[in-house]
Structures are given as structure tokens and as C-alpha cells.
Chemist: 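Let me begin by handing over the structure; questions about it come next.
Convention: sequence-line order gives letters A, B, ...; per-chain numbering from 1. Since this is a predicted model, take the numbers as computed values, not measurements.
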Protein chains: 2
Amino acid sequence: MKEGPDISHVAALIGDPARANMLMALMNGKALTASELAAEAGVTAQTASGHLAKLQQGDLVQVRKQGRHKYFALANADVAAALEGLMGLAAGQLRTRTGPKDAAMREARVCYNHLAGRRGVQMFASLLARDYLRENGEAIAMTTAGAGFAGDFGIDLDALHAARAPLCRSCLDWSERRTHLAGSLGRALLTRMEDLGWLRHDPKSRAILFSDTGLVAFDAAFPTEKGTR
Amino acid sequence: MKEGPDISHVAALIGDPARANMLMALMNGKALTASELAAEAGVTAQTASGHLAKLQQGDLVQVRKQGRHKYFALANADVAAALEGLMGLAAGQLRTRTGPKDAAMREARVCYNHLAGRRGVQMFASLLARDYLRENGEAIAMTTAGAGFAGDFGIDLDALHAARAPLCRSCLDWSERRTHLAGSLGRALLTRMEDLGWLRHDPKSRAILFSDTGLVAFDAAFPTEKGTR
DNA sequence: TTCATACTTCGACCGTAGCCGAAGCATTCA
DNA sequence: TGAATGCTTCGGCTACGGTCGAAGTATGAA
């Protein structure tokens, strides 16, 4: 028995304990790095790398490269549904456990050169909600209203456009596990807020520390749905 | 990575090509013998036996022993649902192909000592539809109306009750892949119809040959939903 | 630049599981 | 009773795939 151009291939992918643990860890919809998945599966990084390559080739996971990290997530809802079905047969138990350590880092930190963490996600969501930015798949475009907002905020868009770097890019947040704003605009927003005295860098870590008045101003500038009222 | 008390075990069962082929062959809901499944999977009987034992132990299939045959079917609808989910991921193709050879045998034949084949299934279904028999899981009980019908048909129920053998048993039909009536009642019905001259045994095979008048009488005695009018 | 981190590739080891031939039961049929 | 059929157990072979150490590449940090 050799040829199995069917269901068996994908089932065999799930059938390995290490890979199954990885997939189960991804079942909450969050993205995890290769190292995290290796720990989750209880194997070394080399072994995990091989497993993840197979999962990717089998279209069970999608990958997003982020600097020197690789974030893996389930490929689509169908994969989750298939796993659910198998879980029903196994009457298995879920395993959770996720995420980082430092509270300040989760709240706000610098990601390369832009704002990340809970505040970074908040800022990006606020810009999207007010239609200053629009997401089209991977691409992010600024609206004319967004350009006005950025100008009012004290950002020189012409200078940004002159540079060759892309204006807006989405970036996967490793603590929130949602996307936040990167690109030259993300960088400009962070430096502008630093100039305004809203925040400063923690010299001992990547954490970003808001001043009291800065935090109020930030919430006013980037309101969330709850905070808008 | 060793311990995988989860989803991976059942997935590994499906992950073997031979076993996957067997499961796919069972996806139409019909029951198949070990030999048929071996052929379906492209392995020898010994190998298939091992695979089927594992599938049974993993609660993916249920088994029913029928004389020297063993009929396997999917354990429940959950299994089928899980397989469906995996098929969705594999975009796989179904494979069908089933069943016996001789047309006369499929139409009607003797199964041990009772009527089997299309006519046997018809008879059983007719008795159930008119509430002469009632199915309770594995058990089959005769109703009082059924007792009256049997008496009118010329069957001595007292004699059957006197014998130690069970009155009614269901028997899985290998060509129709549905259950038909076995037990002492099934035996009595067949011999009674032979006495009435409705049918006779083919001396060269297990086939049962109806006479023209016998077939008309049989259809009248055991009408199907379509034939009732 | 130099160092540290995250991931990948290479090579070798090893265990497990699939496979079949042969023999062994169990059931049916003559 | 003996012969045929259907399935299982046993034993041994083979190979595929998971595993890790060590070295290699890429990215970010100092």
C-alpha cells in the first residue's frame, strides 16, 4: 500500500503527536512563533522547523515572517473545523497556555521602530474605525481624511512619501496577537508622540512608558469604541 | 515527543493510506467484509486484519460478526463527519466500487436458512412498515398484529416458540447491505413459501428462483411502499 | 563592526509500524 | 466427517519518518 492521493496525507500530518500539539496550540486563533510552537510540542527547534515546514506545505498553517520571527497560524477556518471534528472523536482535552511575561511590555513597547503592545493595537484599531486607514488584505492605504488627521497631528507626510519605505504596513503583535501599524507612518507616529512628551523609552527594556498626561492625550487622540463617548 | 493523549491518535489511525482507503470505502454507509476492505485497501488479508483491529479499538468502526464473515461499518455519524472535514482539506476524490457478481444471487438467495437478497430485504422492510415487527436496536419483537399475520400465512408460531432458537434476528445482507430477517421466523417463512410453490432452490448455487405466480403472490404478501397501491 | 537571537539545513541514529508468508482457528457446506 | 472459505496470529523483514547535535544563514541589538 503506497499510493494515498487522498485524505490520508492530511490525516498523517495531524497524526504526529508533535504536530498535533502545535495545531492544538493554534486552535485559539492566535499566532505563535516557531520557538513557542517547539516548546508547545516538546521538541527542539530543529525538529519543530521540519514539522512546521510540512504543515505549511500541507496547507494546514499559514506563516508570516516578522523580522527574525516566524508567526504561524491555522491556514483557515476549514482547518479548525476539521480539527474540531477529530477532537469530537478523541474526546480530547484542550491545552492553552500562551504569551509573554512582562506587564509593562504587554502594555506598550517599541517594535523595531513603531508602537506595539496593547496601546499599539489600540492605535491601529482606532485609525481603522474612523476610516483614516483602510485594510485591503495585506495592504493598508491612507484615506484623505487620514492624511488630514496626520497633518493635524504634526506629521510631515511629504517627507514620508519622499522616502522609499512603504508608508503603512501591518505588523503582527506578539503579545496581543493582533496586527498593529508599522511602516514609515507607524515610525513617525511614535517619534511624534515622543517629541510631544507623551511617552519615553524604558532604558532597560523595549517597554514604552507613558506619562500621565500623555496617556490621557493618547486616549483622546486614538479613542476606542468604548472610550469614544 | 511521545505522549499524545489527544487528537493525534485518531488522526494517526486515519493517516495510514490503507486504513484511509478502508474508511473511505465505508463512507457510503454500507457495511463491508474484511476481505472486501482488504481488496479496497490493496493489502493482503493479514494486513487488513491488523488494520481493522486498530480501527475497531479506536472506535472508528463497528463490527458485526455474521457466520464466517465480519462486516465492518463506520462506528457512528461523528466518524463520518470527521472524515468529511478532512476530505474538505484534502479536496480528495471519492472512490466507490462495491459488491457482488451474480444477478440472480442479488435478487434472492438463501442465507443459511432464510431469505436474503433484494427480496429478503423487501420482505423485512414490509413487515416493519406494517408494524408486524418492531426493531429495538439489535432486538426484534413481533407484535400481536404480526402474530396474526404469521398465523394466516400458515406458520405454527407455537412450534417456533417451543424451540430454543430466537424467533427473530436481524441479518446483514451482503448484497443489499441492509438488514433482513433471520431467526426461526425467517427460516419458517422461507420454508413456507417453498411449500406454497412460490420459489425453489437453484441446485447449482445459493440462488432462489421465484415462479411467475409466486413472485406475484410474494409482492402481494409483502408489499413495499411503492407496490402497495 | 561584533554579538546575540531565531530559524533552517545537514547528517546520522533509531524505533516503530506496515507488510507479507506461513500456519492456526472457526464456520459453513458437501 | 472432510474440504473450502474467511479471518487471525506469529515471525521476521524493511523502510519511512521523527529525533537531535552541530553547523549555517538571517535579522536585530549594542
Chemist: Going by heavy atoms closer than 4.0 Å, what residues in residues 51-61 of chain A are next to DNA chain D?
Modeler: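 The stretch gives A:His51, A:Lys54 as the residues lying under 4.0 Å from the strand, ordered by number.
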
Chemist: For D:dC20, does OP1 or OP2 lie under 4.0 Å from any side-chain N or O of A:Thr44?
Modeler: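 Answer is yes, contact under 4.0 Å.
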
Chemist: Between D:dG6, C:dA22, D:dA29, spot the one nearest the side chain of A:Arg68, thanks.
Modeler: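 Out of D:dG6, C:dA22, D:dA29, the nucleotide with an atom closest to A:Arg68's side chain is D:dA29.
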
Chemist: Check every atom of D:dT19, C:dT8, D:dT8 against the side chain of A:Asp16 and return the nucleotide holding the closest atom.
Modeler: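 Nearest listed nucleotide: D:dT19.
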
Chemist: Kindly point out which of D:dG6, D:dC20, C:dC19 is positioned nearest to the side chain of A:Thr47?
Modeler: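 The listed nucleotide nearest to A:Thr47's side chain is D:dC20.
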
Chemist: Nearest to the side chain of A:Arg19, heavy atoms from C-beta on, is which of C:dC19, C:dG18, D:dG18?
Modeler: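 Closest nucleotide among those given: D:dG18.
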
Chemist: Are any side-chain N or O atoms of A:Arg19 and backbone N or O atoms of A:Ala12, one a donor and one an acceptor, separated by less than 3.5 Å?
Modeler: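 It does hold such a pair.
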
Chemist: Choosing from D:dT27, C:dC29, D:dT8, which nucleotide comes nearest the side chain of A:Lys65?
Modeler: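 Nearest to the side-chain atoms of A:Lys65, counting from C-beta on, is D:dT27.
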
Chemist: If you measure from the Lys or Arg side-chain nitrogens to the Asp or Glu carboxylate oxygens, is any gap between A:Arg200 and A:Glu194 under 4.0 Å?
Modeler: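 Answer for the salt bridge query: no.
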
Chemist: My understanding is that only residues two or more places apart in sequence, or in another chain, count here; which of them pass ring-ring contact (aromatic ring centres under 6.0 Å, His included) with A:Phe218?
Modeler: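 Here the qualifying residues are A:Phe210, A:Phe222.
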
Chemist: Name all residues meeting the side-chain contact (heavy atoms from CB on, under 4.5 Å) criterion together with A:Thr47; count only those two or more places apart in sequence or in a different chain, and write none if there are none.
Modeler: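 Testing A:Thr47 for side-chain contact (heavy atoms from CB on, under 4.5 Å), a comparison that skips the adjacent residues, returns A:Val43, A:Thr44, A:His51.
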
Chemist: D:dT19, D:dT8, C:dA6: which one has an atom nearest the side-chain heavy atoms of A:His69?
Modeler: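 Ranking D:dT19, D:dT8, C:dA6 by closest atom to the A:His69 side chain puts C:dA6 first.
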
Chemist: B:Ala34 near the nucleic acid: base, sugar-phosphate alone, or nothing, with a heavy-atom cut-off under 4.0 Å?
Modeler: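 It contacts sugar-phosphate atoms only.
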
Chemist: Looking only at the side chains, is there a donor atom on one of A:Ser49 and A:Gln46 sitting less than 3.5 Å from an acceptor on the other?
Modeler: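 Side-chain D/A pair, A:Ser49 to A:Gln46: absent.
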
Chemist: Are side-chain heavy atoms of B:Gln66 and B:Thr33 found at a separation under 4.5 Å?
Modeler: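 They are not in contact (no side-chain heavy atoms under 4.5 Å apart), so the answer is no.
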
